[in-house]
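Report on the following structure.
Numbered from 1 within each chain, the chains take letters A, B, ... in sequence-line order.
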Amino acid sequence: MPTESISGKMKNSNLTGWALASPLMLVLLVFLVAPIIMIVVVSFWGATEWSIYPAFLFDNYEFLLTSDVTYRVFLNTFKYAFITWVCTLLIGFTVAYFLAFHIRTLTWQIALFLLCTIPFLTSNIIRMISWIPFLGRNGIANSTLISMGVIEEPLEWLLFSDFSVILAFVHLYTLFMVVPIFNTMMRIDKSLIEASVDAGATGWQTLWHVIIPLTKPGIMIGTIFVVALVMGDFITVRFMSGSQSANMGRLIQNDIALLQYPSASATAVILLITVLILIGTLLRFVDIRKEL
Amino acid sequence: MEPRPKSFYYLSAFFFLFIVFLYGPTLTIGILSFQGPGGGLTFPMRGVSLHWFRDLFEQQAVGDIWGSFSRSLILGLMVMVTTVVVSIMGGLAFRKRFVGSTVLFYLIITSLVIPSILISLGVGLIWSQSGLNVHWSSSGFGAQLTWTLPFGLLIMFAVFNRFDRSYEEAARDLGASPWQVIRYVVLPIIAPSLIGVALFGFTLSYDEFARTLLTSGSYNTLPLEIFGMTTNVTTPVLFALGTLTTVFSLMVILVFLMVVWFVNRRRNLKGSDAGKGMI
């Protein structure tokens, strides 16, 4: 009898779980799983100049994997992701560390944290546009540098270059590092730090041997966000490079603009596999649900 | 209190620079949007005027921005309500293990990390191949949910990780039905976090670009309209629009923060002990 009632209870909790999760499941099935399947299917289709037709061709992949453009763009995508990751990590960690360990009252911590969060809730496109007056040929950066006598000619590489792309990424996404790192730091037991100081550690030693190891889960979550966002981006690269640089997202978008959906889908499949492998690897180092 | 270590001052300076970096560009376009009628996209200011804001009300200068604004607003509210409801239900579901909960969890993570353009492309393809017309209120709405729901759910997971279950037990011991426990105990305790979920739902939708790109059809949302303008508008009217929509976002954030503040204050005034366990 008892085993029966336990299994009955299990069934019951499964039912409630499913009932409660069903709207979520429905949304994800229709707008996440089905689109992925569709992309995989269409990546084997053929295309004429104006239409696409069902088929089972490897042409799209063959073309993609035999062209050096693909490899260069692929490498470029990783380059953007890596540099952005390093910058956001250094800045994000420093900001979170300051908020968590140097601000002494909770009210101020919340206030300053909100100050960091608010830009995230405004438009990314506007935030990108807002770099134009700074970085342009006659922009604030160039005119300041010229009037200070540092340079004589305006710098051409400030806007529409790899520099401006990465600057925009860092500007847009550093917050995704600050939030999880700050969250993890706030949960560090302060007595551990006291113990480390009492045991004679210098500030740097405490930081390196106590705080950083304990902050790793937050760093991992931040990394997942930043890597996923930068790898999947196309709009920042297009806008901030003035269409002069490319990443995988740009390749996809170009194909879409030319109505070459099968070829866009093949690139999308490769990009998705890459991102999922990367994120899957990162997830092995952190239990997201426990860290929230 | 101990005196501040030297590092505090370096870090304060660093933090200050970070804030300047975050807000500086936005403030600059805020100032430049008051350019005189002859002014360009950067300094110097050629006079101060409301010329470019006035232009926003003229169809020829900017196209249908007010139409796209109202679409974005309605879509934002739709996404907000759906995100809150689905996230609460999902959050409650994940408090207990159920068959498939792990798979569902990884789907949520996938929904968060998947390159946005894939959602746009996939949903667009499904709609076009089934002969439907993409529309912001159907395909666009669903595509945006794949972006807002993971955030809502992650917030709910965080909330329920810190939730003190003894309140629920107390309610059940007093004879409350499961629905009553949710309605009169759980929901009031998590209310401030729900306001956070609503804020995320609205603002993420209102500013969403990549997932809406191929799924909104011929009627643009505001971010799409703004992006379209970047390719052919080279006057400060772009900055005026940017300023206006940023001010709107800030006002929305302010309203939400005030609601949280008000809810908390009311709670404290009424002397209820609800919520004391959720820090």
Side-chain angles (χ1 to χ4, degrees), chain A residues 13-14 17-18 20-21 23-25 27-28 30-32 34-36 38-39 42 91 94-95 98 102 115-116 118-119 121-127 129-134 136 138-140 171 203 224 228 231-232 234-235 239 249 252-253 256 261 264-265 268 271-272 275 279 288-289 292, chain B residues 7-8 11 14-15 18-19 21-23 25-26 28-29 32 41-43 86 89-90 92-93 96 98-99 101 104-105 107 109-111 113-119 121-123 125-126 142-143 145-146 149 154 157-158 161 203 207 209-210 214 223 226-227 230 238 242 245-246 249-250 253:
Chain A
S13 102
N14 269 336
W18 273 108
L20 285 168
L24 174 64
M25 198 69 202
V27 172
L28 292 179
V30 177
F31 292 98
L32 179 74
I36 293 175
M38 189 70 188
I39 288 174
V42 172
I91 299 173
T94 315
V95 168
F98 173 73
H102 282 275
L115 195 63
C116 296
I118 285 169
L121 298 174
T122 63
S123 164
N124 276 4
I125 299 208
I126 303 289
R127 291 174 71 200
I129 292 171
S130 64
W131 280 106
I132 295 176
F134 257 94
N138 304 311
I140 297 171
H171 187 228
I224 290 172
M231 298 274 304
F234 63 97
I235 200 69
F239 190 76
I252 299 173
Q253 198 210 2
I256 292 173
Y261 295 113
S265 301
L271 176 63
L272 182 64
V275 169
I279 303 298
I288 290 195
R289 285 186 69 182
L292 286 168
Chain B
S7 57
F8 171 78
L11 286 168
F14 185 86
F15 183 77
F18 177 67
I19 295 295
F21 172 65
L22 274 187
Y23 288 87
T26 314
T28 316
I29 66 159
L32 284 170
L41 285 173
T42 185
F43 289 105
V86 175
M89 292 175 71
L92 289 170
K96 291 200 190 92
F98 53 92
V99 176
S101 60
L104 189 55
F105 179 75
L107 277 183
I109 299 295
T110 310
S111 184
V113 301
I114 189 172
S116 298
I117 194 159
L118 266 74
I119 299 282
L121 175 62
V123 173
L125 281 172
I126 291 179
L145 285 177
T146 61
L149 280 178
L154 290 183
F157 292 157
N161 274 353
T203 56
D207 298 324
F209 177 82
L214 301 175
I226 293 174
F227 187 73
T230 60
L238 195 57
T245 167
T246 305
S249 291
L250 294 180
I253 297 169

Contact origin within A:I91 toward chain B - heavy atom pairs under 4.5 Å = both
Taking every heavy-atom pair that is under 4.5 Å apart, which of A:G232, A:A228, A:S130 has the most such pairs with chain B?
-> A:S130
Portion of A:I256 that has a non-hydrogen atom of chain B nearer than 4.5 angstrom = side chain
Which of B:L32, B:I114, B:L250 touches chain A most, by non-hydrogen pairs under 4.5 Å | B:I114
Which atoms of B:L11 approach chain A - backbone, side chain, both or neither, heavy atom under 4.5 Å | both
Which bit of A:I118 comes within less than 4.5 Å of chain B, counting heavy atoms only: side chain, backbone, both or neither?
-> both
Whatever's closer than 4.5 Å to a heavy atom in chain A on B:L125 counts as both
For chain B, which of A:G249, A:C116, A:G203, A:G136 has the most heavy-atom pairs under 4.5 Å?
-> A:C116
B:T146 and side-chain contact (heavy atoms from CB on, under 4.5 Å): which partner among B:V123, B:I119, B:T110?
-> B:I119
With a 4.5 angstrom heavy-atom cut-off, which part of A:I125 approaches chain B: side chain, backbone, both or neither?
-> side chain
Taking B:G122, B:P25, B:S101 one by one, which has the highest count of heavy-atom pairs under 4.5 Å against chain A?
-> B:P25
Nearest atoms (heavy-atom pairs only) where B:S116 meets B:A210 | CB-CB, 3.4 Å
Test side-chain contact (heavy atoms from CB on, under 4.5 Å) on A:F31 and B:I126 and set out the steps.
-> CA-CA 10 Å; A:F31 292 98; B:I126 291 179; over 6 Å; no
side-chain contact (heavy atoms from CB on, under 4.5 Å) between A:F98 and B:F14: does it pass, once the steps are laid out?
-> CA-CA 9 Å; A:F98 173 73; B:F14 185 86; over 6 Å; no
Please walk me through it: do A:R127 and A:T122 pass side-chain contact (heavy atoms from CB on, under 4.5 Å)?
-> CA-CA 8 Å; A:R127 291 174 71 200; A:T122 63; 3.6 Å; yes
State the CD-CG distance between A:Q253 and B:L121, to the nearest 0.5 angstrom.
-> 11.5 Å
Could you have a look at B:I19, B:V113, B:I253 and say which one has the most heavy-atom pairs with chain A under 4.5 angstrom?
-> B:V113
Do A:F134 and B:T28 come within less than 4.5 Å of each other through their side chains, counting heavy atoms only?
-> yes
Mutual orientation of the aromatic rings belonging to B:F98 and A:W18 [parallel < 30°, tilted 30-60°, perpendicular > 60°] | perpendicular
When the 4.5 angstrom heavy-atom criterion is applied to B:F18 and chain A, the contacting part is side chain
Let me know if A:L115 has heavy atoms under 4.5 Å from chain B in its side chain, its backbone, both or neither.
-> both
Using the ring of each side chain (for Trp, its six-membered ring), is A:H171 parallel, tilted or perpendicular to A:W131, with breaks at 30° and 60°?
-> perpendicular
Sort B:L22 into side chain, backbone, both or neither according to what part of it lies under 4.5 angstrom from a heavy atom of chain A.
-> both
Determine, stepwise, if the pair A:I39 / A:L272 fulfils side-chain contact (heavy atoms from CB on, under 4.5 Å).
-> CA-CA 10 Å; A:I39 288 174; A:L272 182 64; over 6 Å; no
Atom group of B:S111 that falls short of 4.5 Å from chain A, counting heavy atoms | both
Do you know which of B:F105, B:F21, B:F209, B:F8 has the most heavy-atom pairs with chain A at a distance under 4.5 angstrom?
-> B:F21
Which one, A:I252, A:I279, A:V275, A:I235, leads in non-hydrogen pairs under 4.5 Å with chain B?
-> A:I235
Heavy-atom side-chain contact between A:P119 and B:T26 under 4.5 Å = no
When B:L118, B:I29, B:V86, B:N161 are compared by non-hydrogen pairs under 4.5 Å with chain A, the top option | B:L118
Side chain proximity check, A:I224 to B:I109, heavy atoms < 4.5 angstrom = no
Chain A contact via B:L149 - side chain, backbone, both or neither, heavy atoms under 4.5 Å = side chain
Side chain, backbone, both or neither: which part of A:L271 has a non-hydrogen atom closer than 4.5 Å to chain B?
-> side chain
